[in-house]
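Labels below follow one simple rule: chain letters A, B, ... track the order of the sequence lines, proteins then strands, and each chain is numbered from 1.
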Protein chains: 2
Amino acid sequence: MTSTEANSRPSSPEANSRPSSPEAGRPTKQRLAVARIMDTFEGFRSAQEVHTLLATAGETVGLATVYRALQRMAEAGEVDTLRTEEGELTYRRCSTTHHHHLVCRACGATVEIEGPAVERWAQTVSHEHGYVDVSHTLEIFGTCADCARVSTGGR
Amino acid sequence: MTSTEANSRPSSPEANSRPSSPEAGRPTKQRLAVARIMDTFEGFRSAQEVHTLLATAGETVGLATVYRALQRMAEAGEVDTLRTEEGELTYRRCSTTHHHHLVCRACGATVEIEGPAVERWAQTVSHEHGYVDVSHTLEIFGTCADCARVSTGGR
DNA sequence: GATGAAATGAGAATCGTTGTCAACTTGGCT
DNA sequence: AGCCAAGTTGACAACGATTCTCATTTCATC
């Protein structure tokens, strides 16, 4: 502590420091580790999987911290989220433009797809019904060529 | 498809002499109660809400039973499921034809919508990428006219 | 009516996710 | 260079939705 209060410069409580990035947060070691590991894989991974991946890579980051980091990155648009059919949230680094995914049920291979027509259609239909502030979720699930080839012999 | 086809028949083979309904199950009082209450409302309701609704209606059905009944009805195509943005599963009785929903974030009002063009587009895009056995989820969220009117003064 | 499989219900058990809070960093400022 | 305040972290508790367990009850059939 500063022994007694410095009478000369009480220092303004706030308003003097300018956050370099309004909602950026700090680039801590843990966040950087999470951000880095997100570049090392292709498909969508759950927070827990990311946590395990980090541990395997030698980076020890708390599970709660991984959740928080991914959450923040998702809000910032740095990663995309996808809710699996079982309800689990998964994350993946991807482009910031609005798009959807074509995911293989078997191996998880993902293809980013765009559908301007769909976007427009969603807007139009919504407005026709008086809805505003519209957003939508669209995910396509299927079996990719490779997995389909393998499964043909099964059963 | 939540499915859970993990476990088969735990009991002994037991030759089914004459299955009146292969996968129908029995029309018990509880299931009938759940089926009946599903006709009394419009939007999507979670299993817990349905359970409360039943209790309010004087029908006492265990929560687990409500879950099981809704699950079964969903598999049978008698009700439609929708995963909310928070990840909670909700159910609603609706037509068996494939369609999507336009849901109000505020009041839950739902409009069933169809988009043949979207269906075709999804198929086409998927096939272009070599995917087969394709399905998709598409939900549109927005604020309905009524709620939008109210919120204009709020906040 | 007896019988056995299916179904129910109450609560425990899971599991993903979030909250709590003390200890620790970080950045800014003196 | 060093200190303070605020932002972060991590371990674990808390939570909420859903599923599982299993003793008891109900249904359809004999």
Side-chain angles (χ1 to χ4, degrees), chain A residues 1-34 45-52 54-55 59-74 81-91, chain B residues 2-7 9-35 45-52 54-55 59-74 81 83-91:
Chain A
M1 347 80 171
T2 20
S3 18
T4 49
E5 66 284 346
N7 49 27
S8 53
R9 308 293 288 278
S11 75
S12 324
E14 81 267 11
N16 53 357
S17 62
R18 272 284 313 292
S20 54
S21 309
E23 303 297 336
R26 290 182 190 164
T28 66
K29 188 161 54 174
Q30 290 86 343
R31 287 185 191 169
L32 291 174
V34 172
R45 297 292 152 83
S46 69
Q48 314 236 15
E49 288 173 325
V50 171
H51 176 243
T52 301
L54 282 167
E59 305 269 17
T60 307
V61 181
L63 180 57
T65 301
V66 172
Y67 269 102
R68 285 183 287 234
L70 289 174
Q71 211 169 266
R72 183 176 293 243
M73 291 173 77
T81 64
L82 165 59
R83 180 133 357 224
T84 68
E85 295 185 332
E86 298 87 51
E88 193 177 10
L89 255 190
T90 56
Y91 305 82
Chain B
T2 22
S3 66
T4 65
E5 41 70 37
N7 50 18
R9 302 288 188 255
S11 47
S12 56
E14 167 57 47
N16 286 334
S17 50
R18 81 184 69 77
S20 55
S21 309
E23 302 298 336
R26 290 181 190 164
T28 65
K29 187 161 56 174
Q30 290 86 343
R31 287 187 191 168
L32 290 175
V34 172
R45 297 292 153 83
S46 69
Q48 314 237 16
E49 288 173 326
V50 170
H51 176 244
T52 301
L54 281 166
E59 304 270 17
T60 307
V61 181
L63 179 58
T65 301
V66 173
Y67 270 101
R68 285 184 288 234
L70 289 174
Q71 210 169 268
R72 182 176 294 245
M73 291 172 77
T81 64
R83 174 100 47 192
T84 68
E85 295 184 329
E86 297 88 51
E88 193 177 10
L89 257 190
T90 55
Y91 306 81

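What you find for B:Ala35 and B:Met73 is that their closest heavy atoms are CA-CE, 3.9 Å. Heavy atoms only, all atoms of each residue included: B:Thr90 and B:Ser46 are closest at CG2-N, 3.8 Å.
Mapping B:Thr60 and A:Ala47 onto DNA chain C via the closest heavy atom, the residue that lands nearer the 5' end is B:Thr60. Nearest-nucleotide positions on DNA chain D for B:Pro27 and B:Gln48 put B:Gln48 closer to the 5' end.
The separation between B:Leu63 atom CG and D:dT21 atom C1' is 15 Å, rounded to whole Å. A straight line from CD of B:Glu85 to P of D:dA17 spans 16 Å, rounded to a whole angstrom. Taking atom NE2 on B:His51 and atom C1' on D:dT19, their separation rounds to 15 Å, with Å as the unit. Following rounding to the nearest Å, A:Arg83 (CZ) and D:dA17 (P) show an atom-to-atom distance of 13 Å. Distance B:Arg45 CZ to D:dA17 P: 15 Å, rounded to the nearest Å. Summarising the geometry, the separation between CD on B:Glu59 and P on C:dG9 is reported as 11 Å, rounded to the nearest angstrom. The distance from atom CG of A:Leu70 to atom P of C:dG16 is 15 Å, rounded to the nearest whole Å. Between the CZ atom of B:Arg72 and the C1' atom of C:dA7 there is a distance of 9 Å, rounded to whole Å.
Interface remark: the A:Arg31 side chain does not form any donor-acceptor pair with the D:dG7 base, using a distance-only criterion of under 3.5 Å. Contact of B:Arg68 with C:dG9 (side chain to base): a donor-acceptor pair of N or O atoms is detected under 3.5 Å.
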Steps toward side chain to side chain contact (heavy atoms under 4.5 Å, CB included) verdict (A:Arg83, A:Leu89) | CA-CA 4 Å; A:Arg83 180 133 357 224; A:Leu89 255 190; 3.9 Å; yes

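Residue B:Tyr67 forms a side-chain hydrogen bond (donor to acceptor under 3.5 Å, both in side chains) with just one option from B:Gln48, B:His51, B:Arg72, and that option is B:Gln48. Put simply, the residue from B:Thr65, B:Thr60, B:Leu54 that forms a side chain to side chain contact (heavy atoms under 4.5 Å, CB included) with B:Gln30 is B:Thr65.
A close approach under 4.0 Å does occur between a side-chain nitrogen or oxygen of B:Tyr67 and OP1 or OP2 of D:dT18. An OP1 or OP2 oxygen of C:dA7 is reached within less than 4.0 angstrom by no side-chain nitrogen or oxygen of B:Thr28. Between B:Gln71 and D:dT19 there is a side-chain polar atom (N or O) within less than 4.0 angstrom of OP1 or OP2. Between B:Gln30 and D:dT25 there is no side-chain N or O to OP1 or OP2 distance below 4.0 Å.
Considering only side-chain atoms of A:Leu89, the nucleotide from D:dT18, C:dG11, C:dT17 that sits closest is C:dT17. With C:dG27, D:dA28, D:dT18 as the candidates, the nucleotide lying closest to the side chain of A:Arg26 is C:dG27. The A:Glu88 side chain lies nearest to C:dG16 when the options are C:dG16, C:dT18, D:dC20.
Nucleic acid contact class of A:Glu49 (heavy atoms, under 4.0 Å, all strands): none.
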